[in-house]
Amino acid sequence: MAKIKGFVELNIEHCKGCELCVDACPFDVLEMSAQVNGKGYTYPFMKNPEQCTGCASCALVCPDVVITVYKVPTKQ
Amino acid sequence: MAVDIEQYKKDLLAQGAEVVFSKTKNLTDTPFSYCGGCGHGVAHRLIMEVIEEMGITADTIGVAPVGCAVIAYEFWNIDAVQAAHGRATAVATGIKRTNPEKFVFSYQGDGDLAAIGTAETVHTCNRGENIAIFFINNGIYGMTGGQMAPTSLIGMRSSTAPYGRQHDVHGYPLSLTNLLAELPGTYYVTRQAVETAAHVRTCKKAIRQAFENQKLNKGVSLVEIVTNCNSGWKMTAPQANKWMKENMFPQYPLGDIKVPKTE
Ligand SMILES: Cc1ncc(C[n+]2csc(CCOP(=O)(O)OP(=O)(O)O)c2C)c(N)n1
Ligand code: SF4
Ligand code: SF4
Ligand code: SF4
Ligand SMILES: [Mg+2]
């Protein structure tokens, strides 16, 4: 079976740097950036984009609805 | 060599990548006033997603509490009012009785629902009002700086119990949800959490059930959501979620407490 592929987009200015998305990702895709946003919070980025499956675990636990998830549909 | 993320996204879009999760239109663009990592945000989102998915956005009225969620109406893109401390179910009662065709819910913290509002909560449930109650239990008064609540755990430190809660001085942790499940006026009672993707999915189903039940006119649907208060508990958000799992869940076990009998 071909690998399921996806990616996330982040509304960085709404992020509060809580790191719950990093913990929630089953594939170790996310890491907190060394930069800060306009409010002074660190925010996540895709450290291992190729490992992302678009499972949306990160987005489901994000309290500030920062994350939009994309997924390549699997062919039937 | 590191992958060029922007190029990688473009490649996946060219392969037909579609949005599988995005922010519901039932949340406004106003950023939440909550501390980073606070469970209130997820609870808000799930309720608003369910309302959108059921197509009842214009037919739903929410009642916000006093507590950190006091300005929830700024974040919910639906009709809402805000009640005096603890009185949200009384206000919801009035709204539902005068607008029986609307979907009505209250959204309340543990200080609001299970401390100052205990009388209103008990009598709303005892009358079997046809509303949904979403009860955000973080075991503390978050908004006012982390005072002990009736729901605080034995040994739990707070600004009003700096040496930890002692049962002989402060009483025992109150599980009002279990008491309310004993009343004939409650139709559906469940306890959920939102700290993992799996719990988020189950919690959303419970919220959906609570709204669906309102079509039946059979009484209160009560969904307790055990959440963190990382600021009040003086922890980081990941630490608070771990502490919640180890300490809150044993005292407040997750799962259905009262499910409608199948006829
Ligand atoms: C009549 C009245 N008494 C006391 C208060 C102070 N007060 C504001 S919020 C709050 C407790 C909120 O705790 P909870 O309901 O658990 O909400 P949380 O902030 O934890 O979500 C209290 C005691 C008030 N606003 N009004
Ligand atoms: S969508 Fe899934 S795999 Fe991708 S970053 Fe989020 S949690 Fe990780
Ligand atoms: S869970 Fe959301 S708010 Fe927290 S760090 Fe991740 S993107 Fe930011
Ligand atoms: S004080 Fe506690 S309940 Fe209030 S927003 Fe902060 S973490 Fe959430
Ligand atoms: Mg509270």
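Please read all numbers here as calculations on a predicted model, not as lab measurements. Each chain gets a letter, A, B and so on, in the order the sequences are listed, and its residues count up from 1.
Note that NZ of A:K16 is 8.0 Å distant from SG of B:C38, once rounded to the nearest 0.5 Å. Taken to the nearest 0.5 Å, the CZ atom of A:F7 stands 9.0 Å off from the CD atom of B:E6.
With chain B as partner, the option from A:P73, A:P26, A:A56 having the largest number of non-hydrogen pairs under 4.5 angstrom is A:P73. Ranked by heavy-atom pairs under 4.5 Å with chain B, the first of A:M46, A:K47, A:E19 is A:M46.
With a threshold of 4.5 angstrom between heavy atoms, A:C62 approaches chain B through N, CA, C or O but not through any side-chain atom. In this structure, the portions of A:D64 lying under 4.5 Å from any heavy atom of chain B include both its backbone and its side chain. With a 4.5 angstrom heavy-atom cutoff, A:C55 touches chain B only via backbone atoms.
Between A:P63 and B:H44 the shortest side-chain heavy-atom distance does not fall below 4.5 Å. At least one side-chain heavy atom of B:L27 sits under 4.5 Å from a side-chain heavy atom of A:V65. For the pair B:E18 and A:Y70, the minimum side-chain heavy-atom distance is 4.5 Å or more. Using a 4.5 Å heavy-atom threshold, the side chains of A:T68 and B:F21 count as separate.
A distance-only check finds a donor-acceptor pair linking the side chain of B:R45 to the backbone of A:L60 [under 3.5 Å].
Of the options A:V61, A:L20, A:D23, a side-chain contact (heavy atoms from CB on, under 4.5 Å) to B:N241 is made by A:L20 and by none of the others.
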